[in-house]
Amino acid sequence: MSLNPEPAAPEERQALSLAPKSYAEATEAPADSQIYHPPAKENSGAPEATARSLNESSGPQHENGDHEKSFAEALEAPPLPLDAPTTHINGLDNLNGLTERSNGVQQPTKRAKPTPAPIEPEKEQYEGSGQDDSPKSPTRKGHKRHSSLKSNGSVSTSSRPSSRSQHHIYHEHKNGNGGLLASIKPSEDYDRQLLVAKKEKSAKKGELVHGRQAGAGWAASKIRYAPLNVPIQRRLQTLAVLMHTLSVAGLLAIFFFACGIPLLWPIVLPYSLYVLFSHAGTDGKLSHRSERWRRSKVWSLFASYYPARLHRSAELPPTRKYLFGYHPHGIISHGAWAAFATEALGFSQLFPGITNTLLTLDSNFRIPLYREYALRMGLASVSRESCEAVLTQGGPNGEGMGRAITIVIGGARESLDARPGTFRLVLKCRKGFVKIAVRTGADLVPVLAFGENDLYDQVDAKTHPWVHKLQLLVKKIMGFTVPLFHARGIFNYDVGMMPYRRPLNVVVGHPIKVMQQEQPDRDYVESLHTQYVEELERMWNEWRDTFAPARIEELKIVE
């Protein structure tokens, strides 16, 4: 038996009290429209299988034989059971020939209408352009939650105003390419959020953290700290230089500490009187000189700190007197101390038979305890009286043969120009040492210390002119000046009063022979001074590329 489908014509459906299938069929379908009966699928178990012809279709037919259905009819089709069998015709699923077996009898089923795919609503897209109009990487998904839309100022499509009417845009203008640029005004709680973040950051600084985390900031610090695994030899070198650098301040502090103890006054008072009236620094006898102290291993560590080297250009016979002119002064003249106040660089081996004396300010021999330290090292006063006394007595014949003195010619004035990479000498107005050489008959020997100015950094006179004027005033009144310098520290490489570890090369030039005169002739003094300057320039040109490759300027004689 066969089951007739529902009529498709509106009039027949109205007679049977059935609702129209769609608004279009109810208004446009003709009254005599034919009813489409799908053919029944043949089954081997059902001898009586009936099928209707496709030409009885009530809908319009295309060239390929497919029939067109309305969109409303597709929407009203009942859902297809999950266990319904399907038949494939021309690669498509045909649900028209479905049959059900009930009590051994095949029964044709109703036509199953396919369920169309649901129509997805159009997704909203959010885009933004800044100053750069180049393509940007797309975001994963657009915002859907209303809370997130409110957080970034976006609104829905239905109620979104134009970009020009948004309240958070402060102002806008066009760039050179015509693109629209907008400046966004921060929210009202922006400053409060910054304040809270700043407080949280400062609170974290005070928290106790792991040792590795606490030390991790040292790597990003501008101050470079010395590692803990520094060899003991280098530590001892630093200690030797520290001892010499703080010798004046340290020994003077010990003296004042002793003055504060009444039990030591019987020793302190007589010693103070002795310091005021002693002439050990100017008599030229060198009676306090100790060769054992000059050859101490402490000074070998001192010289190895930089390291310092002494170079000889020519041999000096011990039958002559010599006046060594040391250039430049630097800040503390570490090279002069290592080369001429100690035997760390082997002065007696390079110049055998010559007893050299480094000269310093006469005021240093009025400092308690420090004067004993200086006299033990064989130092003497740089006064005219002291120079002539050293060069006119002693030696094999008692006339000073084999004696030598070392004078830092530039003095305290030259120390104000001591900066790394420079070599400025105060020499044009310095002719007193030439007159001393003429009076005593001592040959002039220029000495050039490459690297002396590189040991410290100091305040530039051009950027701080008032500081430079104050230093010159102190120099004029007190005879010495205090350069504002700095270098490295004991446990770091950037801040402190310790000199940098930079090589010192002290080069001794050729001697300039001098004829002794009781009253030096002015022209003769000028001639010797000219020869002296020429020898310095020759030494500079010969050794500058070897010992001063990183210089920023050439040798200059400023005064």
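One-based numbering along the sequence shown. The analysis underlying the following values was restricted to heavy atoms, covering all of them including side chains, and did not include hydrogens, waters or symmetry mates.
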Do other residues, nucleotides or ligands put more than 12 heavy atoms under 6.0 Å from the [atom1] atom of [X]?
{"X": "Glu291", "atom1": "CD", "result": "yes"}
{"X": "Arg384", "atom1": "CZ", "result": "no"}
{"X": "Glu553", "atom1": "CD", "result": "yes"}
{"X": "His279", "atom1": "NE2", "result": "no"}
{"X": "Arg235", "atom1": "CZ", "result": "yes"}

(request) Measure up the Phe351 and Phe347 rings against each other and bin them: parallel (under 30°), tilted (30 to 60°), perpendicular (over 60°). (result) tilted

(request) Give the ring-plane orientation class for His244 versus Trp299, where under 30° counts as parallel, over 60° as perpendicular and anything between as tilted. (result) perpendicular

Can you tell me if [X] uses its side chain to pair, donor with acceptor, with the backbone of [Y] under 3.5 Å?
{"X": "Ser333", "Y": "Ala336", "result": "no"}
{"X": "Ser313", "Y": "Val508", "result": "yes"}
{"X": "Arg294", "Y": "Met377", "result": "yes"}
{"X": "Thr422", "Y": "Arg424", "result": "no"}
{"X": "Tyr524", "Y": "Val514", "result": "no"}
{"X": "Thr342", "Y": "Ala338", "result": "yes"}

In Å and rounded to the nearest 0.5 Å, what is the [atom1] to [atom2] distance from [X] to [Y]?
{"X": "Arg292", "Y": "Arg295", "atom1": "CZ", "atom2": "CZ", "answer": "13.0 Å"}
{"X": "Tyr532", "Y": "His327", "atom1": "OH", "atom2": "NE2", "answer": "3.0 Å"}
{"X": "Leu536", "Y": "Leu448", "atom1": "CG", "atom2": "CG", "answer": "6.0 Å"}
{"X": "Thr406", "Y": "Leu359", "atom1": "OG1", "atom2": "CG", "answer": "7.0 Å"}
{"X": "Lys431", "Y": "Phe433", "atom1": "NZ", "atom2": "CZ", "answer": "10.0 Å"}
{"X": "Gln517", "Y": "Arg439", "atom1": "CD", "atom2": "CZ", "answer": "10.5 Å"}

(request) Considering only NZ, NE, NH1 and NH2 on the basic side and carboxylate oxygens on the acidic side, decide whether Asp454 and Arg502 come within less than 4.0 Å. (result) no

What are the two closest heavy atoms between [X] and [Y], and how far apart are they?
{"X": "Val506", "Y": "Val447", "value": "CG1-CG1, 3.4 Å"}
{"X": "Val390", "Y": "Gly284", "value": "CG2-CA, 3.8 Å"}
{"X": "Ser386", "Y": "Gly281", "value": "OG-O, 3.3 Å"}
{"X": "Phe365", "Y": "Arg371", "value": "O-NE, 3.2 Å"}
{"X": "Gly509", "Y": "Val445", "value": "O-CG1, 3.7 Å"}
{"X": "Asp443", "Y": "Lys513", "value": "OD1-CA, 3.4 Å"}

(message) Quick test of your reading: applying salt bridge (charged side-chain N to carboxylate O under 4.0 Å, His left out), list the pairs with at least one residue in residues 537-550, sequence neighbours left out, ordered by first then second residue.
(response) Glu535-Arg538, Arg538-Glu542, Arg544-Glu554, Asp545-Arg551

(request) Decide whether Arg501 and Thr238 meet the rule of one side-chain donor and one side-chain acceptor closer than 3.5 Å. (result) yes

(message) When you compare the side chains of Asp457 and Tyr500, does any donor N or O come within less than 3.5 Å of an acceptor on the partner?
(response) yes

(request) Using the side chain to side chain donor-acceptor pair (under 3.5 Å) rule, take Ser348 and Glu343 through it: C-alpha gap first, then chi angles, then the decisive distance, then the call. (result) CA-CA 7 Å; Ser348 61; Glu343 289 294 334; 3.0 Å; yes

(request) Decide if the gap between the ring center of Trp540 and the ring center of Phe423 is smaller than 6.0 angstrom. (result) yes

(request) Establish, yes or no, whether a centroid distance under 6.0 Å links the rings of His334 and Tyr305. (result) no

(message) With a 4.5 Å cut-off on side-chain heavy atoms, are Tyr322 and Pro317 touching?
(response) yes

